[in-house]
Amino acid sequence: MNFVIIVAAGTGNRMNSDLPKQFLDLNGLPIVMHTINRFSLSDSISEVVLVISETMESYWTELCLKHQFDKPIHIAFGGNTRFESVKNGIDYIDQNFDIGPKDYIAVHDGARPIVSDQLIRKAFQGAYEHQAIVLAQKSIESIRRGNVSTNKAMDRNQIWMIQTPQVFHGELLLKSYQQDEDPLFTDDASVVEKMGKSIYIVEGDSKNIKITYPQDLQIAQLYLNLI
């Protein structure tokens, strides 16, 4: 089976909104509903697990009623950090399904609603071959490393901008999230990497943006018509 954990438990403070960004309106639907739709419509996905803050449970129920949103998904509750939220999603899968050697788990940001079925299939195919993959694109900007006064130019061809979904062999991801949380865990690949597993990069898509700032909503609106 192929699972996806959609992480939507964050607060989204950079959007200058009291409402977490994943619940903001995009073309008549909350952002996260667009995200769920992309995976629910994909033949690559067997089960969708949505991780939300427990404090947003009743609001989510209201949204589903308002938009007649009845996709067959599972709900897990987030923790204090992204690591805890993903772990809770993994624990939900582990407790309700028998994870075996043929199972794979993707982890995706709830605020990335412009992910195409082609990209989802490409990500899983990479995981079938390499066990642990991230979607990424090479940097198109010049890169400097350091602080404001002491810094050094870097080769941008060696720099990758990471996206989601990140896809992993199910048993590997389950074992990786039994580690204690580390401040260096910035995404799921960094968690798996600490177990000694190499991460393979699959070419991502520039349209697969994460909505972080208000202007990103306008960009996402344009991209919705292209997937």
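Predicted, not measured: the structure shown is a model, and the values here were computed from it.
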Original post:
Taking Pro113 as the fixed residue, which of His34, Met33, Arg38 is the one that meets the side-chain contact (heavy atoms from CB on, under 4.5 Å) rule?
Top reply: His34
Original post:
Are the side chain of Lys210 and the backbone N or O of Thr164 linked by a donor-acceptor pair below 3.5 Å?
Top reply: no
Subject >> With Arg82 via salt bridge (Lys or Arg N to Asp or Glu O under 4.0 Å) - residues at least two apart >> reply: Asp109, Asp188
**OP:** Verify the neighbour count for atom CD1 of Ile140: are there more than 12 heavy atoms of other residues, nucleotides or ligands below 6.0 Å?
**Re:** no
Original post:
Which atom names give the shortest non-hydrogen contact between Ala127 and Ile133, and what distance separates them?
Top reply: N-CG2, 3.6 Å
**OP:** Using a cut-off of 6.0 Å, state whether more than 12 heavy atoms not belonging to Asn157 lie near its atom CG.
**Re:** yes
**OP:** Give the minimum heavy-atom separation between Gly89 and Ile5, together with the two atoms involved.
**Re:** C-CD1, 3.7 Å
Subject >> Donor-acceptor pair, side chain of Gln179 and main chain of Ser176, under 3.5 angstrom >> reply: yes
Subject >> Donor-acceptor contact present, side-chain Gln163 to main-chain Asp205, <3.5 Å >> reply: yes
Subject >> Path from Leu50 to Ile105 over hydrophobic side-chain contacts below 4.5 Å >> reply: no
Original post:
Does the ring centre of Phe97 sit less than 6.0 Å away from the ring centre of Tyr92?
Top reply: no
Original post:
Among Ile45, Val49, Ile73, Val115, whose side-chain contact (heavy atoms from CB on, under 4.5 Å) with Val4 holds?
Top reply: Ile45
Original post:
Side chain of Gln137, backbone of Ser206: donor and acceptor closer than 3.5 Å?
Top reply: yes
Subject >> Expected output: side-chain Gln22 to main-chain Gly110 donor-acceptor under 3.5 Å >> reply: no
Original post:
Taking the side chain as C-beta and beyond, is there a heavy-atom pair between Trp60 and Phe69 under 4.5 Å?
Top reply: yes
Original post:
If only atom types and distance count, is the side chain of Asn2 paired as donor or acceptor with the main-chain N or O of Ser46 below 3.5 Å?
Top reply: no
Subject >> Heavy-atom closest pair, residues Pro101 and Glu171 >> reply: N-OE2, 3.6 Å
Subject >> Residue that, paired with His130, satisfies ring pair (Phe, Tyr, Trp, His ring centres under 6.0 Å) out of Tyr104, Phe168, Tyr200 >> reply: Tyr200
Original post:
Any donor-acceptor pair under 3.5 Å linking the side chain of Ser139 with the backbone of Trp160?
Top reply: no
Subject >> Closest contact, heavy atoms only, Ile120 versus Ser42 >> reply: CG2-OG, 3.7 Å
**OP:** Flag yes if more than 12 heavy atoms outside Asp43 fall under 6.0 Å of its CG atom; otherwise flag no.
**Re:** no
**OP:** Verify, without hydrogens or angle tests, whether Asn88 (side chain) and Phe77 (backbone) share a donor-acceptor contact under 3.5 angstrom.
**Re:** yes
Original post:
How far apart are the C-alpha atoms of Arg112 and Thr35, what are their side-chain angles, what is the distance that settles it, and do they pass the side-chain contact (heavy atoms from CB on, under 4.5 Å) test?
Top reply: CA-CA 6 Å; Arg112 286 189 193 267; Thr35 306; 5.6 Å; no
Subject >> Heavy-atom closest pair, residues Val7 and Val107 >> reply: CG2-CG1, 3.8 Å
Original post:
Is Leu135 close to Pro165 at the side-chain level, that is, under 4.5 Å between some pair of heavy atoms?
Top reply: yes
Original post:
Short question: side chain of Arg156, backbone of Ile143 - any donor-acceptor pair under 3.5 Å?
Top reply: no
Original post:
Hey, are the side chains of His108 and Asn208 touching, using non-hydrogen atoms and a 4.5 Å cut-off?
Top reply: yes
Original post:
Under 6.0 Å from the CE atom of Met161, do we count more than 12 heavy atoms belonging to anything else shown?
Top reply: no
Original post:
Considering all heavy atoms of both residues, which atom of Ala9 and which atom of Ser85 are nearest to each other, and what is their separation?
Top reply: CB-OG, 3.8 Å
Subject >> Heavy atoms from other residues, nucleotides or ligands near CG of Asn80 exceed 12 (cutoff 6.0 Å) >> reply: no
Original post:
For Asp187 and Ser190, what are the C-alpha separation, side-chain angles and deciding distance, and is it a side-chain hydrogen bond (donor to acceptor under 3.5 Å, both in side chains)?
Top reply: CA-CA 6 Å; Asp187 63 358; Ser190 59; 3.1 Å; yes
Original post:
In terms of heavy-atom contacts, does CD of Glu203 have more than 12 from other residues, nucleotides or ligands at under 6.0 Å?
Top reply: yes
